[in-house]
**Q** 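Right, I'll just put the structure down here and ask away after.
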There are 2 protein chains.
Amino acid sequence: MHLEVRIKMNDKLFLRNPEESALGKKIVKQGLSLINKIGFETFTFKKLSVEIDTTEASIYRYFENKHKLLLYLITWYWSFLEYKVIFSVNNITNSELKLKTIIKLITEEPSNVSEKTDFISEYESYKLVIYEGAKSYLTRHISKDNKDRLFKPYKDLCERFSSIIKEYNPKYKYPHSLASTILEMAHSQKFFKQNLPSLTDFANETDDKKIILFLESLLFCSLKC
Amino acid sequence: MHLEVRIKMNDKLFLRNPEESALGKKIVKQGLSLINKIGFETFTFKKLSVEIDTTEASIYRYFENKHKLLLYLITWYWSFLEYKVIFSVNNITNSELKLKTIIKLITEEPSNVSEKTDFISEYESYKLVIYEGAKSYLTRHISKDNKDRLFKPYKDLCERFSSIIKEYNPKYKYPHSLASTILEMAHSQKFFKQNLPSLTDFANETDDKKIILFLESLLFCSLKC
DNA sequence: TTTTTTATGATAGTGTTACTATTTTTTTAA
DNA sequence: TTAAAAAAATAGTAACACTATCATAAAAAA
């Protein structure tokens, strides 16, 4: 059986739904890989239009501006991650194991072969979140974007995470902040490891195991304290 | 006695040292407050030149581009914070107290009256770090910037913090990652509290006391674990 | 004091970015 | 088959991110 995950995107993110046409999918798919390649600051719709052999004007029919495209991709990632969390945690009754599963899911690099997703690459969107994730909310229009519920997927994931934290230790005082700390650090520590290794203790590690151990210790020490 | 703090800035940050002229100081001072006012994305040298009644070309004689100005301001903040840490921790022998002092210093909003600094406002630079700090390193030229030692102040602070962590508990395995986590979260949690409060447990707090308690619990639970 | 250097201002110019508008062609649906 | 919608082609504009040149004023050196 071949199951494809389809995520319902907030329609404030686009002018025309990119899922509904070949061009739209190309914009999202190639947009993601071009942003990853050259960085969000230097990415333009003009460059993307050359890459996918269309015009700037055509891209503007789908997305108001490049920030909306970034938000589209980032919220897709958070939605997909929440889906993975729901799926993976489903049969687990032990809350410690649930928490460990979540940490693993948010930290581990997805494999770039045999993607289970349709037109958005999970691997590419994971890379995007590490390098550009914070730029999706560090803006002066965060209040408007928030009213449009554009951060709902991230908040939902944080809420789900924190509800399991409460399940594990109902007396812990800062479940949301602890959840958002782990979520942020899963990506920050990875970024630091690759780019500013002296801010971490993982400089010579080839995989993410030590980051996972660090995050587990952060979480469980806090909860057993 | 009136003591003024003077921080030696890395000369790769500028083309002409802004400290050495009235115009240079104005660029830095008003640049900082204009970025805080309108956000880094919408900030331009043209807008700043109108504000301080000079020309774009004159500003370009001091800074290569607006990212270098941002880095100048952010690294000034980290340097100043390290100075405050050194000064405050100086006479303390108890390492627990040292750690608590550091958390307080990095988290608490500096007062915007009676600044002890010359032309850069500590209060404004604290605000800047919260909203724009991550943008100073989330770029594709981080590797070059790092070679130019532009992140040294942040690394130094992290190293100082982590050495006190080791002093408190020499067996703790992740002193650098724990230090960078606390440093990052001091600002992220504050940003979330103000803009995406459901990611935190501080929504209805008027001051930063609960953030400090959260960071203390994160730190000491990990170290006593 | 005079000369030289240096900083700033004034002005202009270029290629790119971030769009919007219009018109034509192609694709899809009734 | 016709009508509607989507995409392509083309053009245009204001702002952005610079670079270059020259005149002038102020500061520093001779």
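Here is the naming used below: chain letters follow the sequence lines, and residue numbers restart at 1 for every chain. Hydrogens, waters and symmetry mates play no part in the numbers below; they use all other heavy atoms, side chains included.
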**Q** Below 3.5 Å, can you tabulate the donor-acceptor pairs from side chains in residues 46-53 of chain B to any protein atom, sequence neighbours excluded?
**A**
residue : atom : partner : partner atom : Å
K47(B)  : NZ   : T42(B)  : O            : 2.6
S49(B)  : OG   : K46(B)  : O            : 2.7

**Q** Think K47(B) has a side-chain N or O under 4.0 angstrom from the OP1 or OP2 of dC16(D)?
**A** yes
**Q** So, taking the atom named CD in E132(A) and the one named CZ in F43(A), what distance separates them when rounded to the nearest 0.5 Å?
**A** 10.5 Å
**Q** So which protein N/O to nucleotides 9-15 of chain C N/O distances come out below 3.5 Å?
**A**
residue : atom : partner : partner atom : Å
dG9(C)  : OP2  : T54(B)  : OG1          : 2.3
dG9(C)  : OP2  : S58(B)  : OG           : 3.4
dG9(C)  : N7   : R61(B)  : NH2          : 3.4
dG9(C)  : O6   : R61(B)  : NH2          : 3.0

**Q** Provide, to the nearest angstrom, the distance between the CZ atom belonging to F43(B) and the C1' atom belonging to dA17(D).
**A** 12 Å
**Q** Would you please test F80(A) and W76(A) for ring pair (Phe, Tyr, Trp, His ring centres under 6.0 Å) and show each step?
**A** CA-CA 6 Å; F80(A) 185 71; W76(A) 182 90; 5.0 Å; yes
**Q** Over how many whole Å does the gap from L69(A) atom CG to dC19(C) atom P extend?
**A** 12 Å
**Q** Please work out if E20(B) contacts a base, only the sugar-phosphate, or nothing of the nucleic acid, heavy-atom cut-off 4.0 Å.
**A** nothing
**Q** Grab the NZ-P distance between K46(A) and dT10(D) for me, whole Å please.
**A**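 Atom-to-atom, K46(A) to dT10(D), this comes out as 11 Å.
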**Q** Taking it one step at a time, do N195(B) and N146(A) satisfy side chain to side chain contact (heavy atoms under 4.5 Å, CB included)?
**A** CA-CA 8 Å; N195(B) 298 286; N146(A) 195 24; over 6 Å; no
**Q** F45(B) CZ to dA15(D) P: how many Å, rounded?
**A**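 Going from CZ in F45(B) over to P in dA15(D) covers 19 Å.
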**Q** By nearest nucleotide on DNA chain D, pick out whichever of S21(A) and Y60(B) is the more 5' one.
**A**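 Residue closer to the 5' terminus by nearest nucleotide: S21(A).
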**Q** Using a cut-off of strictly less than 4.0 Å, decide whether Y62(A) has a side-chain nitrogen or oxygen near OP1 or OP2 of dA7(D).
**A** yes
**Q** Find the partner of dA30(D): check Watson-Crick (N1-N3 plus N6-O4 or O6-N4) and G-U wobble (N1-O2, O6-N3) distances, both under 3.5 Å, and reply none if neither fits.
**A** dT1(C)
**Q** When all nucleic acid strands are considered with a 4.0 Å heavy-atom cut-off, which category describes E41(B): base, sugar-phosphate, or nothing?
**A**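 It contacts nothing in the nucleic acid.
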**Q** Determine, for E124(A) against K29(A), whether the closest basic-nitrogen to carboxylate-oxygen distance falls under 4.0 angstrom.
**A**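 No.
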**Q** Give each protein N/O atom lying under 3.5 Å from an N/O atom of nucleotides 24-27 of chain D, with the pair distance.
**A**
none

**Q** Using atom CD1 of I59(A) as one end and atom P of dC19(C) as the other, report the distance to the nearest whole Å.
**A** 12 Å
**Q** How far apart are the C-alpha atoms of Y154(B) and I74(B), what are their side-chain angles, what is the distance that settles it, and do they pass the side chain to side chain contact (heavy atoms under 4.5 Å, CB included) test?
**A** CA-CA 9 Å; Y154(B) 188 52; I74(B) 299 285; over 6 Å; no
**Q** With F40(A), which of L70(A), L69(A), L128(A) fulfils side chain to side chain contact (heavy atoms under 4.5 Å, CB included)?
**A**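 Exactly one option meets the side chain to side chain contact (heavy atoms under 4.5 Å, CB included) with F40(A), and it is L70(A).
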**Q** Quiz question: by atom type and distance under 3.5 Å, do the side chains of E159(A) and H176(A) form a donor-acceptor pair?
**A**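 On atom types as modelled, these side chains qualify, holding a pair under 3.5 Å.
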**Q** Please state how far atom CG in L15(B) lies from atom P in dT8(C), giving the value in whole angstrom units.
**A**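 That distance rounds to 13 Å.
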**Q** Rounded to whole angstrom units, what separation is found between the NZ atom of K25(B) and the P atom of dT8(C)?
**A** 12 Å
**Q** In whole Å, I'd like the distance from the CZ atom of F63(A) to the C1' atom of dC19(C).
**A**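 F63(A) atom CZ is separated from dC19(C) atom C1' by 16 Å.
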**Q** Closer than 4.0 angstrom, basic N to acidic O: yes or no for E19(A) and K25(A)?
**A**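 Here E19(A) does not pair with K25(A) in a salt bridge, since their nearest N and O are not under 4.0 Å apart.
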